[in-house]
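Just so you know, these numbers use all the heavy atoms, side chains as well, and skip hydrogens, waters and symmetry mates.
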Amino acid sequence: MDIDNIEELKEKFADFKQMFSEERIDEATALIEELLESIEGQFHIRKAGMIDNRGHIRISEKNIQKVETVDGKTNNEIYISLNHVMEYYVYAYYYKPDIQVCCTQLPIGEYYRAYGDLSVKLGRYKAGAAAYKDAICWNPVDLDAILGLAECYKYLNMLERYLIATKEAYKLCCTRATMARYYRNMGYYHVSKYNTQTARCCYLYSNIYYSTENASQELEYLKNALGDDTPQWSIKEMQKILEQSSIEPGPNPDTIGVIYRVGELMMNDHEYSLARDCFSICYDITQEELLARMLKQLDELLGNGV
């Protein structure tokens, strides 16, 4: 494949997604592996991040020598593969790059994440973990890739790595659904460590953010295994249990603040659709009336008819 032909590569990835959705797994696997092999063999640039074997994420190391980019120029810029513009600012906030950060034309991180999803579907958890790690290197603030990596560690019974990846994901959880998943992950970890009180608290707290059958089933399992009813703790009591177990009792306010600020910047640039994405995330987690009014105004500007 010619990586200079952006449209061809995007068409190939669209073909992969179609095959995947139609359960044409062998064809989908062959196509995505060919696509990724072509990209990795021809891109020689500094990726945005790096991840160690245990799941700790940090900014990529500086290249000792300048590298040649796809356009033939040489530099030591950082390249990130974004899913949304807000990630650019979240990355800058947490990793504080001291050189220019450029965006790839191709969504390479998404390609690797899709390969990770496919590998998990096939039960190839080591391959899935490797693919998610590659996705994270291209985008260290890709929450879906980090949660995917955690899930692979869970299936591989690497529970300490599962915990590390889950904690890496925490700072990026910015919706009720992702916070609920964070607490489900922590609940699973504490069940494995026989910390049943903490596990119950995590699953209850998860359902407060976003009720799921998974969390409810785990609570029922613990009820039957322990032979007693699920405790009826108050929010304050649950927060105390979480804090005693070094589990954050709410979302990271820094991330919410960055996303809100990105929304303001997009408003100033008249990028109303992008601004709405940002404010919608902030409203989902905070439920603030001011944000509800802003979203209504943006819907009117965008002609959404809401």
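Of the inter-residue distances, the one linking Met266 atom CE with Glu271 atom CD reads 6.5 Å to the nearest 0.5 angstrom. Interatomic distance, Cys137 SG to Asp142 CG, rounded to the nearest 0.5 Å: 11.5 Å. The distance from atom CD of Glu243 to atom CD1 of Ile247, rounded to the nearest 0.5 Å, is 10.5 Å. To the nearest 0.5 angstrom, Leu172 atom CG is 9.0 Å from Thr178 atom OG1. To the nearest 0.5 Å, atom SG of residue Cys278 and atom CE of residue Met86 are 4.0 Å apart. For the atom pair Met179 CE and Cys174 SG, the distance stands at 10.0 Å (nearest 0.5 Å).
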Problem - side chain to side chain contact (heavy atoms under 4.5 Å, CB included) assessment of Arg124 paired with Thr29 - result: CA-CA 12 Å; Arg124 297 169 52 197; Thr29 301; 4.0 Å; yes

Exercise for the section: Determine, stepwise, if the pair Tyr94 / Ile59 fulfils side chain to side chain contact (heavy atoms under 4.5 Å, CB included). Expected result: CA-CA 9 Å; Tyr94 282 112; Ile59 193 169; over 6 Å; no

Exercise for the section: Please report the C-alpha distance between Tyr272 and Met267 in whole Å, then the side-chain angles of each, then the deciding distance to 0.1 Å, and finally whether the side chain to side chain contact (heavy atoms under 4.5 Å, CB included) criterion is met. Expected result: CA-CA 6 Å; Tyr272 298 127; Met267 283 288 288; 3.8 Å; yes

Problem - Verdict with reasoning, Lys10 to Ile6, per side chain to side chain contact (heavy atoms under 4.5 Å, CB included) - result: CA-CA 6 Å; Lys10 288 182 177 179; Ile6 303 296; 3.6 Å; yes

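The two atoms that bring Asn139 and Ser81 nearest to each other are ND2-O, 3.0 Å, heavy atoms only. Listed here is the closest heavy atom pair of Ala145 and Arg113: N-CD, 3.7 Å. Between Gly128 and Cys152, the shortest heavy-atom contact is C-SG, 3.7 Å. Leu295 and Ser280 get closest at one heavy-atom pair: CD2-N, 3.6 Å. Taking both residues in full, the closest heavy atoms of Ser234 and Glu237 are given as N-OE1, 2.8 Å, listed atom of the first, atom of the second, then distance. Nearest approach of Pro140 to Ile146, heavy atoms of both residues: O-CD1, 3.6 Å.
Between the side chains of Tyr132 and Asp117, at least one donor-acceptor pair of N or O atoms lies under 3.5 Å. A donor atom on one side chain and an acceptor atom on the other are not found under 3.5 Å apart for Asn83 and Glu110. Side-chain atoms of Ser216 and Asn207 form a donor-acceptor pair, as typed in the model, at a separation below 3.5 Å. There is a side-chain donor-acceptor pair under 3.5 Å between Glu22 and Gln18. With hydrogens and angles left out, the side-chain atoms of Tyr189 and Glu160 include a donor and acceptor closer than 3.5 Å.
Linking Ile, Leu, Val, Met, Phe, Trp and Tyr residues whenever their side-chain heavy atoms come within less than 4.5 Å places Tyr93 and Ile57 in a single cluster. Two different hydrophobic clusters hold Trp138 and Val85 under the rule that ILVMFWY side chains link at heavy-atom gaps under 4.5 Å. The hydrophobic cluster containing Ile80 also contains Val262, counting ILVMFWY residues as joined when their side-chain heavy atoms lie under 4.5 angstrom apart, directly or transitively. Both Ile281 and Leu265 belong to a single network of hydrophobic side chains, linked directly or stepwise wherever heavy atoms of I, L, V, M, F, W or Y lie under 4.5 Å apart. Connection of Ile45 to Leu82 is not established within any shared hydrophobic cluster, with ILVMFWY side chains joined at heavy-atom distances below 4.5 Å, either directly or through further cluster members.
A donor-acceptor contact shorter than 3.5 Å links the side chain of Gln287 to the backbone of Tyr283. A donor-acceptor contact shorter than 3.5 Å links the side chain of Tyr88 to the backbone of Val101. A donor-acceptor pair is defined here as one N or O able to donate and one able to accept, closer than 3.5 Å; such a pair exists between the side chain of Asp284 and the backbone of Arg176. For Thr198 (side chain) and His190 (main-chain N/O), no donor-acceptor pair under 3.5 Å exists by modelled atom type. Using modelled atom types, no side-chain atom of Gln197 and backbone atom of Asn195 make a donor-acceptor pair closer than 3.5 Å. A donor-acceptor pair is defined here as one N or O able to donate and one able to accept, closer than 3.5 Å; such a pair exists between the side chain of Arg161 and the backbone of Asn53.
A 4.5 Å side-chain heavy-atom check between Ile25 and Met19 finds every atom pair outside the cut-off. Looking at heavy atoms from C-beta onward, Leu226 lies in side-chain contact with Arg200 at the 4.5 angstrom threshold. The shortest distance between side-chain heavy atoms of Asn252 and Ile256 does not fall below 4.5 Å. Inter-residue side-chain proximity for Gln100 and Ile78 is flagged as unmet; no heavy-atom pair is nearer than 4.5 Å. Between Val120 and Glu151 the shortest side-chain heavy-atom distance does not fall below 4.5 Å. Proximity of Ile51 to His56: side-chain heavy atoms (C-beta onward) are nowhere separated by under 4.5 Å. When side chains are defined from C-beta on, Tyr210 does not count as touching Arg181, because their heavy atoms never get closer than 4.5 Å. Proximity of Glu168 to Leu149: side-chain heavy atoms (C-beta onward) are nowhere separated by under 4.5 Å.
Taking the six-membered ring for Trp and the full ring otherwise, the centers of Tyr205 and Tyr209 sit less than 6.0 Å from each other. Between Tyr183 and Tyr203, the ring centre distance reaches or exceeds 6.0 Å. Checked against the 6.0 Å centroid criterion, the rings of Phe279 and Tyr260 qualify as a close aromatic pair. A distance below 6.0 Å separates the ring centres of Tyr125 and Tyr155. A distance below 6.0 Å separates the ring centres of Tyr111 and Phe13.
Under a 4.0 Å N-O distance rule, the pair Asp299/Arg276 qualifies as a salt bridge. Contact check on Lys62 versus Asp98 returns a salt bridge, with a Lys/Arg side-chain nitrogen under 4.0 Å from an Asp/Glu carboxylate oxygen. Contact check on Asp52 versus Lys133 returns no salt bridge, with no Lys/Arg side-chain nitrogen under 4.0 Å from an Asp/Glu carboxylate oxygen. Between Glu264 and Arg261 a salt bridge is recorded (basic side-chain N to carboxylate O distance below 4.0 Å). Taking 4.0 Å as the cut-off between side-chain N and carboxylate O, Lys223 and Asp228 do not count as a salt-bridged pair.
Taking the six-membered ring where the residue is Trp, Tyr182 and Tyr170 present tilted rings, their angle falling between 30° and 60°. Under the 30°/60° scheme for interplanar angles, the aromatic rings of Phe20 and Phe16 are found to be tilted.
Environment of NZ in Lys171: crowded, with over 12 heavy atoms of neighbouring residues, nucleotides or ligands closer than 6.0 Å. By the 6.0 Å contact criterion, CG on Asp269 is enclosed, its count of non-hydrogen atoms from other residues, nucleotides or ligands being greater than 12. Within 6.0 Å of the NZ atom in Lys236, the count of heavy atoms belonging to other residues, nucleotides or ligands does not exceed 12.
Figure legend: cation-pi geometry between Lys154 and Tyr188, with NZ or CZ positioned under 6.0 Å from the six-membered ring centre and within 45° of its axis.
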